[in-house]
2 protein chains.
Amino acid sequence: MSKKTTIYDIAKKLNITAATVSRALNGNPKISESTRQLVNETAKEMNYEQNKLAQALKSGKSYNVGVIVPRIDSNFFALVIRGIEEVLYAKGYHVIICQTHDQKKLEIQNINSLLNAQVDGVLMSISNSGSEENENFDRLLKKNVPLIFFDRKKDIDGISAVTIDDFKAGYEAAQHLINQGCKRIAHLSNNRKIQIFNNRYLGYKQAILDNGLEFDESLVIETASKVEEGSKATKILLDMEMPPDAIFSSSDFAALGAIQEIKSRGIRIPQDICIVGFANEPFTRFMELPVTSVDQSPLEMGRISAQVFLDEVDKGKKKIPNKQVVLNPELIIRKSSLKSEA
Amino acid sequence: MSKKTTIYDIAKKLNITAATVSRALNGNPKISESTRQLVNETAKEMNYEQNKLAQALKSGKSYNVGVIVPRIDSNFFALVIRGIEEVLYAKGYHVIICQTHDQKKLEIQNINSLLNAQVDGVLMSISNSGSEENENFDRLLKKNVPLIFFDRKKDIDGISAVTIDDFKAGYEAAQHLINQGCKRIAHLSNNRKIQIFNNRYLGYKQAILDNGLEFDESLVIETASKVEEGSKATKILLDMEMPPDAIFSSSDFAALGAIQEIKSRGIRIPQDICIVGFANEPFTRFMELPVTSVDQSPLEMGRISAQVFLDEVDKGKKKIPNKQVVLNPELIIRKSSLKSEA
DNA sequence: CTGTTAGCGCTTTCAC
DNA sequence: GTGAAAGCGCTAACAG
């Protein structure tokens, strides 16, 4: 390949200096219009393309932003990412996507890679298996790399977060089931060390108490956001002496597993058991029995997270209290929980 | 923030030179064991982390690899990416994921960004809306950046590709439907300028001809890989005077749309119409009526693509004929096409 | 308005 | 085995 052309090549050809070329290319106002034109034309002719690496080395900015999610093959995270991309691309940033597969080890590794890539910031949804320690996040903070949480967050000083009101979402889901006449509502939770899951649980619990129903802790099972795990947990529920008449799952995937298990036993949905999932994954809409679910406005969540990052980058060192953005959840009611119409 | 520590800081502290530190850190054999240890310890103490940017600038290698796919929220692409990551992470590379959303404009933009990030290579599945021109790919080749296609490829000199045998997949899908007794098999194709879609079509056609059935071109509709598009196309098919008794879709998403449309008309699957999809997306397994589909071993495809890239990087300038890897498709038979058992 | 100079952090030849 | 010095490509402070 022909060596890549640099500003020096352009400079030499034009008998000017590299600095001038650099300035012309970067729209520095003190450059004469004629020089600027000349440089731009020559640059085009010579197929010049800026070496961002050098620029990044010099400026300390890479214009790369890391996004860390548990997985990319869920519509929710895919859409959050899309929202982030939308906003960040427009500002000249590039987005590097990493998956943790809910493994602490990969989370650490990802942060390392991103740090190596000299990212200007990290937007992340923490992994499920996270320990209590925060050294990982501290490493970013110490390097003054802005860190923004979305969805699965942790309360850490100096870290902004964008979430939905998970308590409210849990409350509304349970209230809806109660309105349908359900009295023993089970809950497929997830690792409750993670706030969002705990909040969904708390909201669910509060609704039950507020309606004067009995709250039975044994109806709450922590399970991963996976189809098989949902089935497994549901087996336990259905085998109880007093099985539930509704299941509120904090994951659409687990809800799907629940539905499979329930149907396999010939139990009817929603007549015998109502189901509510979480995240409004497309399949909830497409299934033969559409599933009620909670929409988290992922696109919006992504856009806002990106905006929060941009704000932090701008303000630089100035210590401004970290922002906590809370979006409104929306319960999308479908057949799986409409006892009234079944 | 405390300024990041560099090899110079370490050097100063140890009264040696940065070059020595660099060598020690990089495992250069000519460094005494004692110095190496000292350097390593001090580096750890001082929280030293290598600045990959500088290293990249120097070496011309960024250890970043770009992966461009139409979308990330499909299980197929998500798994291909996972396969790629697996292999590449182990070699110290980092993976930057970009989406084209099947838009030519974004495809160009993505290539630009990746070029800016000085990626050492690009693995991609071309976008649907690609024109006939290849300038984009040429830009990569001119810069000697290895380009590997997977799944959606184009025949371009010097570009390796990893795909499945789409002709065979199409053939087997159609043959299976014929074995079930279907006689008028429709095909939801996709942009046939893209080889894989054309090959699936050709295989399907050949199976029909080989079995002495009538081939009716009007049963073939080009449609995007989307649920709604699948429904729309199916409307046309069902409204025909002689509607099909089977649909082979080159996309699971379109197949899902087809199923919805068919059911909404009270037509039975598989008794009246058999359905075969493509890509073995998880929902095909989870649906109440599990859908027959073609598995493309995405993990394997990703791993191999990554390996092909590594080989090309190694061989450097040497012109070696581009590799064309073809994997075997596997038809996963489920209820949606099992007339015999319905 | 443009040139000079230095340096971002690292690697690498060439000496000794 | 280690040091000195140059350079990857770009930008920015300082001159003029």
Side-chain angles (χ1 to χ4, degrees), chain A residues 1-40 42-43 46-64 92 115-120 143-144, chain B residues 1-40 42-43 46-64 92 115-120 143-144:
Chain A
M1 117 187 107
S2 50
K3 215 82 191 76
K4 281 170 197 153
T5 64
T6 74
I7 49 174
Y8 282 95
D9 301 325
I10 303 180
K12 208 188 307 171
K13 185 156 189 178
L14 260 37
N15 265 322
I16 55 179
T17 165
T20 307
V21 175
S22 169
R23 283 187 277 247
L25 255 21
N26 288 303
N28 185 312
K30 316 187 194 178
I31 290 292
S32 74
E33 195 47 43
S34 56
T35 326
R36 183 190 318 290
Q37 283 212 354
L38 207 55
V39 169
N40 281 327
T42 323
M46 301 180 73
N47 271 314
Y48 169 76
E49 292 194 29
Q50 194 185 41
N51 182 329
K52 290 262 175 176
L53 245 39
Q55 197 187 0
L57 180 58
K58 180 70 186 171
S59 69
K61 279 200 77 169
S62 68
Y63 276 94
N64 274 146
L115 242 19
N116 279 338
Q118 307 290 117
V119 290
D120 297 339
K143 298 209 167 197
N144 219 29
Chain B
M1 110 188 112
S2 51
K3 214 84 191 76
K4 281 168 200 155
T5 64
T6 73
I7 50 174
Y8 282 95
D9 302 325
I10 303 180
K12 209 189 303 171
K13 186 156 189 178
L14 259 36
N15 266 321
I16 55 178
T17 166
T20 308
V21 175
S22 169
R23 284 187 275 245
L25 256 20
N26 289 305
N28 186 311
K30 314 189 198 180
I31 291 291
S32 73
E33 195 47 44
S34 57
T35 329
R36 184 192 317 289
Q37 283 212 354
L38 208 55
V39 168
N40 281 326
T42 322
M46 302 179 73
N47 272 314
Y48 170 75
E49 292 193 30
Q50 194 186 41
N51 182 329
K52 289 263 177 178
L53 246 39
Q55 196 187 4
L57 179 57
K58 181 67 187 172
S59 70
K61 279 199 78 171
S62 68
Y63 276 94
N64 274 145
L115 241 19
N116 279 338
Q118 308 290 121
V119 290
D120 296 339
K143 299 209 166 199
N144 219 29

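Chain identifiers are assigned alphabetically (A, B, ...) following the order of the sequence lines, protein sequences preceding nucleic acid strands; residue numbering begins at 1 within each chain. Only heavy atoms go into these numbers, but all of them, side chains included; no hydrogens, no water, no symmetry mates.
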For B/Lys30 and for B/Leu53, find the nucleotide of DNA chain C with the closest heavy atom, then tell me which residue's nucleotide is more 5'. B/Leu53
How do B/Asn51 and B/Arg23 order along DNA chain C: which one's closest nucleotide is nearer the 5' end? B/Asn51
Rounded to whole Å, please give me the gap between [atom1] in [X] and [atom2] in [N].
X	N	atom1	atom2	value
B/Met46	C/dG9	CE	P	13 Å
A/Ile16	D/dC10	CD1	P	13 Å
B/Asn28	D/dG1	CG	P	10 Å
A/Leu25	D/dG9	CG	P	15 Å
B/Gln37	D/dG1	CD	C1'	16 Å
B/Ile7	D/dT2	CD1	P	15 Å
B/Ile10	D/dT2	CD1	P	15 Å
B/Asn26	D/dG1	CG	P	17 Å

Look up atom [atom1] in [X] and atom [atom2] in [Y], then write down how far apart they are to the nearest 0.5 Å.
X	Y	atom1	atom2	answer
A/Ile31	A/Gln37	CD1	CD	13.0 Å
A/Leu57	B/Asn51	CG	CG	6.0 Å
B/Arg23	B/Ile7	CZ	CD1	10.0 Å

Checking only heavy atoms, does the side chain of A/Lys58 share a donor-acceptor pair with the base of D/dG9 at less than 3.5 Å? no
Within less than 4.0 Å of OP1 or OP2 of [N], is there a side-chain N or O belonging to [X]?
X	N	answer
B/Thr20	D/dG3	yes
B/Gln50	C/dT11	yes
A/Tyr48	D/dC10	yes
A/Ser32	C/dT2	yes
B/Ser22	C/dC10	no

So A/Thr35, base contact, sugar-phosphate only, or nothing? Heavy-atom distance under 4.0 Å. sugar-phosphate
Of the nucleotides D/dA4, C/dT4, C/dG9, which has the atom closest to the B/Thr6 side chain? C/dG9
Under 3.5 Å, is there a donor-acceptor pair between the A/Thr20 and A/Thr17 side chains? no
So which one's nearest nucleotide on DNA chain D is more toward 5', B/Ala18 or B/Leu57? B/Ala18
Any donor and acceptor pair, going by atom type alone, linking the side chain of A/Asn26 with main-chain N or O of A/Asn28 inside 3.5 Å? no
